[in-house]
Amino acid sequence: MLRSKIAGIGMYVPEHVVTNNDLLKYMETSDEWIQERTGIKERRYAHRTEETTTTMGVEAAKIAIQRANTTADEIDFIVFATLSPDYYFPGCGVLLQRALHMKEIGALDVRNQCSGFVYALSVADQFIKTGMYKNILVVGAEKHSFGLDLTTRGRNVSVIFGDGAGAVVLQPTENIEQGILSTHLHSDGNSAEILAMYNPGTHANHWGDKNYASFDDAEIANMFMSKKMIDNAELFPFMDGPSVFKKAIVKFPEVIMEALNKNGYQTTDITTLIPHQANLRIAQFVQQKLGLRDDQVYNNIQHYGNTTAASVPIALCEAWEKGKIKKGDLVCLAAFGSGFTWASALLKW
Ligand code: UT7
């Protein structure tokens, strides 16, 4: 039975550093509030016009491809996870395929927000295990800075997020001492609206309780995109932070234990846990609940903020570059976010 291994990994973050104090230009907040509630000190914002989610994904992908000792021409499938695509459609996968002058290979976009990269990795893993593809590029990238309400009205959401990208190349291996051992995917759509960006969308609840039959033609014509949406900040993400926090601290440990149990391991066997960088307080709670030592958990939200689908590959890449992940190590990736969706992957490096 074939296994998938991460043959190459890369990351890219924009040059522009935005500190907590820099945000004071736009909103009422404080470095103290942000650090105390989230652990974040700074984040990166992409260049407004020259960088997009795809261009950042391309930079991360180039490094991953080179480290996998392969070429863009040899990649036979793309899985691209993001919630901040360059266009409403088509997705970033085809834009990356074009930018890297790849062959006419399949390109799939994954819309699973914070757990997007782990979902994407799981999809790619299945294709490798069945022998269908031999060189899959998996990317997680976000340009949040373009779509945040940077006024005081949106501060509970906007201070958390940052931009960046991470990528891996998955290849088959017959070495049973290496590669992805298992992946675990979950969802609960009952809370879909508590962390969401509703517009633009095809739902018809823009006018709250107003009876649809009473809409006039002008209102119906502008349902997808209207001035009212702009005026009411409905084109920005909405988050009920405390509710997300409460669910996250239950589902993170659950899905990590699911991966360990499936493979006969215990928490003490984990070399490095890479949790989605949602909030340092969530990661610390999970660490404490599972009884993990500091050296078993890698966090870098302090410097990049929450980069959603990019956070797991960025943290994984940085941990590996710093020599914290070595051959044979047991690495657990875990994520939770909008949907709700949550996921884990257990792998031997
Ligand atoms: O990756 C996607 C998944 N997302 C998450 O996992 C996020 C989970 N949730 C969280 O991380 C936390 O809920 C937040 C960091 C978003 C917020 O922290 P909190 O401790 O839950 O704060 P809160 O929303 O309950 O707000 C507490 C107070 C409020 O003021 P009052 O009503 O108590 O006077 C807010 O208006 O803090 C205020 N506040 C702020 N103050 C300064 C909210 N945002 C800010 C801000 N600066 N940026």
Side-chain angles (χ1 to χ4, degrees), residues 18-43 81-84 110-119 140-145 147-164 166 186-189 191-197 233 236-255 274-287 289 299-302 304-315 333-344:
V18 178
T19 65
N20 293 341
N21 283 329
D22 289 336
L23 294 175
L24 294 173
K25 275 183 261 171
Y26 313 109
M27 65 182 81
E28 284 172 33
T29 186
S30 67
D31 179 45
E32 192 190 5
W33 189 96
I34 300 172
Q35 286 211 46
E36 191 185 309
R37 307 278 176 137
T38 71
I40 299 167
K41 297 174 195 283
E42 59 192 24
R43 72 286 292 138
T82 186
L83 66 67
S84 50
V110 167
R111 297 193 42 177
N112 278 69
Q113 298 68 251
C114 304
S115 62
F117 181 81
V118 185
Y119 262 74
E142 305 287 359
K143 183 177 174 180
H144 282 305
S145 58
L148 295 173
D149 180 359
L150 288 171
T151 67
T152 299
R153 180 181 58 187
R155 66 183 179 176
N156 69 314
V157 177
S158 52
V159 299
I160 299 175
F161 293 103
D163 301 340
H186 295 280
S187 72
D188 174 6
S191 303
E193 280 76 19
I194 77 162
L195 175 46
M197 190 169 133
F236 292 118
F238 168 82
M239 177 168 74
D240 170 355
S243 299
V244 178
F245 196 106
K246 278 185 208 137
K247 190 86 170 184
I249 58 174
V250 174
K251 292 301 171 188
F252 263 110
E254 234 176 68
V255 80
I274 307 279
H276 161 53
Q277 301 292 290
N279 179 328
L280 189 61
R281 307 298 160 232
I282 293 178
Q284 287 168 337
F285 190 97
V286 173
Q287 176 180 342
K289 179 106 192 260
N299 292 304
N300 61 5
I301 190 171
Q302 300 90 328
Y304 304 122
N306 179 342
T307 56
T308 307
S311 94
V312 167
I314 287 176
L333 314 179
F336 174 89
S338 161
F340 292 130
T341 63
W342 60 102
S344 63

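One-based numbering, in listed order, for ligands and for the atoms of each. Computed from a prediction, not measured in an experiment: that's the story for all the values here.
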Considering only heavy atoms, does [X] approach ligand 1 within less than 4.0 Å through its side chain, its backbone, both, or neither?
X	result
His276	side chain
Leu195	side chain
Val157	neither

Item to check | Thr29 OG1 to Leu24 CG distance, which is reported to the nearest 0.5 Å | outcome: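 Answer rounded to 0.5 Å: 6.5 Å.
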
Checklist entry - Roughly how far apart are Asn279 CG and Asn306 CG, rounded to 0.5 Å? => result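 Answer for the CG-CG pair, Asn279 versus Asn306, is 8.5 Å.
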
Checklist entry - Does atom 31 (P) of ligand 1 have a protein non-hydrogen atom under 4.0 Å from it? => result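 So atom 31 (P) of ligand 1 lacks protein heavy-atom neighbours under 4.0 Å.
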
Per-atom contacts of ligand 1 with [X], taking only distances under 4.0 Å to non-hydrogen atoms:
X	result
Asn279	10 (C), 11 (O), 15 (C)
Ala278	1 (O), 6 (O)
Ile160	16 (C)
Val159	48 (N)
Asn306	1 (O), 2 (C)
Thr38	15 (C)

Next on the checklist: Would you call the rings of Phe336 and Trp342 parallel, tilted or perpendicular, taking 30° and 60° as the class edges?
Outcome noted: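 Aromatic pair Phe336/Trp342 classed tilted.
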
Checklist entry - Do Ser311 and His276 have side-chain atoms, one donor and one acceptor, less than 3.5 Å apart? => result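 The criterion, which ignores hydrogens and geometry beyond distance, is satisfied for His276 and Ser311.
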
Item to check | Any donor-acceptor N or O pair under 3.5 Å, side chains Glu142, Thr82 | outcome: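 A donor-acceptor contact under 3.5 Å links the two side chains.
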
Starting from [atom], what is the nearest protein heavy atom, named by residue and atom, and what distance separates them?
atom	result
atom 5 (C) of ligand 1	Val244 CG1, 3.5 Å
atom 47 (N) of ligand 1	Thr29 OG1, 2.7 Å
atom 22 (O) of ligand 1	Arg37 NH1, 3.4 Å
atom 35 (C) of ligand 1	Arg155 NH2, 4.1 Å
atom 17 (C) of ligand 1	Trp33 CH2, 3.9 Å

Taking only non-hydrogen atoms of [X], do any sit less than 4.0 angstrom from ligand 1?
X	value
Met239	yes
Ile34	no
Cys114	yes

Next on the checklist: Show the nearest heavy-atom pair for residues Ala310 and Gly164, with the distance to one decimal.
Outcome noted: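 So the minimum-distance heavy-atom pair works out to CB-O, 3.4 Å.
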
Item to check | Shortest reach to atom 23 (P) of ligand 1 by a heavy atom, considering only Ser158, Ala248, Gly241, Pro242 | outcome: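 When every heavy atom of Ser158, Ala248, Gly241, Pro242 is considered, Pro242 comes closest to atom 23 (P) of ligand 1.
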
Next on the checklist: Could you check whether any side-chain heavy atom of Gln277 comes within less than 4.5 Å of a side-chain heavy atom of Tyr304, counting everything from C-beta outward?
Outcome noted: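 The answer is no, as the side chains (C-beta and beyond) never meet within the 4.5 Å cut-off.
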
Next on the checklist: For Lys251 and Asp188: C-alpha separation, side-chain torsions, deciding distance, then whether salt bridge (charged side-chain N to carboxylate O under 4.0 Å, His left out) applies.
Outcome noted: CA-CA 11 Å; Lys251 292 301 171 188; Asp188 174 6; over 6 Å; no

Checklist entry - Does CZ in Arg281 sit with more than 12 non-hydrogen atoms of other residues, nucleotides or ligands closer than 6.0 Å? => result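 Enclosed.
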
